[in-house]
Amino acid sequence: MEKDSRNSDFLHVGNKILEWYGNNARDLPFRQTKDPYKIWICEIVFQQTRINQGLNHYNNFIKRFPDVKTLAEAEENEVLLYWKGLGYYSRAINIHKAAQQIMNDYHGVFPDQYEEILKLKGVGKYTAAAVSSICFGGRMPAVDGNFYRVLSRLFADNFDISNSKAFTYFSELAGLVMPENVGDFNQAMMDIGSEICKPKNPLCGECPINEDCLAFSIQKIADYPVKTKKVKAEDLALTYYFVHRNGQFLIRQRKEDFIWKKLFEFPDAISSNMETCITGSKTVNHKLTHKNLSIEIINVEVTSEKIWNDFIDENQYLITDVEGSHEKSFPKPLENYIQNSLKD
DNA sequence: CAATCGTGGAG
DNA sequence: TCTCCAAGATT
């Protein structure tokens, strides 16, 4: 039976990728260390997040929380503050809990085994593989979106990446290609995926493995990866009241298991005797992955001290001002609203 | 296990 | 304007 040359000896592909990485690795702050703490933080920050989008957050986070102990001892709200604007805020909650796990269960020493790293809150198979391979010589492929794309093109493989078994499937494909240095290989695949084998307009001419790439050879790059499921965003209307008096305004912390959990927000209702204080409103549209939000923010200018105080007492709202809001984490549209309120 | 969780940039 | 999607994890 005739075998395509691409179907044997895949190891040379991995070595080509490593060689390319040696000359083309991006110069990123977390590339200059093997401190598992820093690598862990960077892996969490950059989940579903582009490098340019998360770089400042990463640097600021490391500066404020340079080690596990500092992070574990911090207040949850301050950890959330350093996550402000980054999205997927449960990452901040989990990263804080995981730091406490490391202090309590591992005496403050970052676990060096894949199975142990996997037990940390917010750490899944991808992150455990990345940290263990980069920092401790672990040998698991860090299969992420880049792996799906590069491998599905390399093998012209139709496996649906929205299938829940995609991780296992592409882990096996990765195993065919994976060379000795798994840590560098994992990082190399991410760089190739984001710099060369891009979702749109990939730079196949510059790709170190274009001679091995089946999709490239049959001119079908755009057909891979296959992804059948599309997320549909539903419309959702929210109403907030920007209740303010003498430069101060009212907020509270979200608690329900819903969007923006544990972030701060404005009141979503006012007392009946406040309705005469309404001076206008503004509607902001904001897109989340699964929701198209239409947020109406009603301006309530309270003049009566009694009405102000009664409302706060009844609902246990917190009082802040623009300056104080800098110390709390708000959803992006509310953060924007607060900053714009300066211009009045 | 399919649905859910942000934000911003590219095309 | 609109769609896709980016170093995923959790429930």
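Per chain, numbering begins at 1; letters A, B, ... match sequence-line order.
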What is the distance, rounded to the nearest whole Å, between atom [atom1] of [X] and atom [atom2] of [N]?
{"X": "A/Glu234", "N": "B/dT4", "atom1": "CD", "atom2": "P", "value": "7 Å"}
{"X": "A/Phe258", "N": "B/dC5", "atom1": "CZ", "atom2": "P", "value": "6 Å"}
{"X": "A/Gln48", "N": "C/dG8", "atom1": "CD", "atom2": "C1'", "value": "5 Å"}
{"X": "A/Leu86", "N": "C/dA7", "atom1": "CG", "atom2": "P", "value": "15 Å"}
{"X": "A/Ile93", "N": "C/dG8", "atom1": "CD1", "atom2": "P", "value": "20 Å"}
{"X": "A/Asn285", "N": "B/dG6", "atom1": "CG", "atom2": "P", "value": "18 Å"}
{"X": "A/Ile192", "N": "C/dA7", "atom1": "CD1", "atom2": "C1'", "value": "15 Å"}
{"X": "A/Lys261", "N": "C/dT10", "atom1": "NZ", "atom2": "P", "value": "13 Å"}

Considering only the [atom1] atoms, how many Å lie between [N] and [M], rounded to the nearest integer?
{"N": "C/dC4", "M": "B/dG6", "atom1": "C1'", "value": "15 Å"}
{"N": "C/dA7", "M": "B/dG11", "atom1": "C1'", "value": "22 Å"}
{"N": "B/dC5", "M": "C/dA6", "atom1": "C1'", "value": "14 Å"}

Categorize [X] for me: base, sugar-phosphate, or nothing, with a 4.0 angstrom heavy-atom threshold over every strand shown.
{"X": "A/Ile41", "answer": "nothing"}
{"X": "A/Gly85", "answer": "sugar-phosphate"}
{"X": "A/Phe167", "answer": "nothing"}
{"X": "A/Thr289", "answer": "base"}
{"X": "A/Leu288", "answer": "base"}
{"X": "A/Val231", "answer": "nothing"}

The side chain of [X] lies closest to which of these nucleotides: [options]?
{"X": "A/Asn94", "options": "C/dT10, C/dA7, B/dT7", "value": "C/dT10"}
{"X": "A/Asp144", "options": "B/dT7, C/dT10, C/dG8", "value": "C/dG8"}
{"X": "A/Lys291", "options": "B/dT7, C/dG8, B/dC5", "value": "B/dC5"}
{"X": "A/Arg50", "options": "B/dG6, C/dC4, B/dG9", "value": "B/dG9"}
{"X": "A/Arg31", "options": "C/dC5, B/dG6, C/dA7", "value": "C/dA7"}

So does [X] get a side-chain nitrogen or oxygen closer than 4.0 Å to the phosphate oxygens (OP1/OP2) of [N]?
{"X": "A/Tyr148", "N": "C/dA6", "answer": "no"}
{"X": "A/His290", "N": "B/dG6", "answer": "no"}
{"X": "A/Trp260", "N": "B/dT7", "answer": "yes"}
{"X": "A/Thr127", "N": "C/dA9", "answer": "yes"}
{"X": "A/Arg149", "N": "C/dA6", "answer": "yes"}
{"X": "A/Lys287", "N": "B/dT7", "answer": "no"}

Does any donor-acceptor pair link the side chain of A/Thr49 with the base of B/dG6 at a separation under 3.5 Å? yes
Is any side-chain N or O of A/Arg26 under 3.5 Å from a base N or O of C/dA7, one able to act as donor and the other as acceptor? yes
Relative to the 5' end of DNA chain B, which residue comes earlier, A/Lys200 or A/Gln47, by the nucleotide with the nearest heavy atom? A/Gln47
Pick the nucleotide of DNA chain B nearest each of A/Gln53 and A/Lys198; which residue has the one closer to the 5' end? A/Gln53
Please confirm whether the ring centroid of A/Tyr317 lies under 6.0 Å from the ring centroid of A/Tyr241.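 No, ring centres 6.0 Å or more apart.
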Would you say the ring centroid of A/Phe242 lies under 6.0 angstrom from that of A/His244? yes
Closest nucleotide of DNA chain C for A/Ile161 versus for A/Val123: which of these residues is on the 5' side?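 Final value for this comparison: A/Ile161.
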How many angstroms lie between atom CZ of A/Phe216 and atom SG of A/Cys207, to the nearest 0.5 angstrom?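 Here the interatomic distance stands at 8.5 Å.
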Does A/Met189 reach the side chain of A/Ile192, with side-chain heavy atoms less than 4.5 Å apart? no
Does the side chain of A/Asn60 come within less than 4.5 Å of A/Tyr82's, by heavy atoms?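 A/Tyr82 reaches A/Asn60 side chain to side chain.
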Do A/Lys38's NZ or CZ and the ring of A/Phe30 fall within the cation-pi criteria of under 6.0 Å and 45°?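 No, cation not above the ring by the 6.0 Å, 45° rule.
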Under 4.0 Å between a Lys/Arg side-chain N and an Asp/Glu carboxylate O for A/Lys84 and A/Glu335?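 Salt bridge present between A/Lys84 and A/Glu335.
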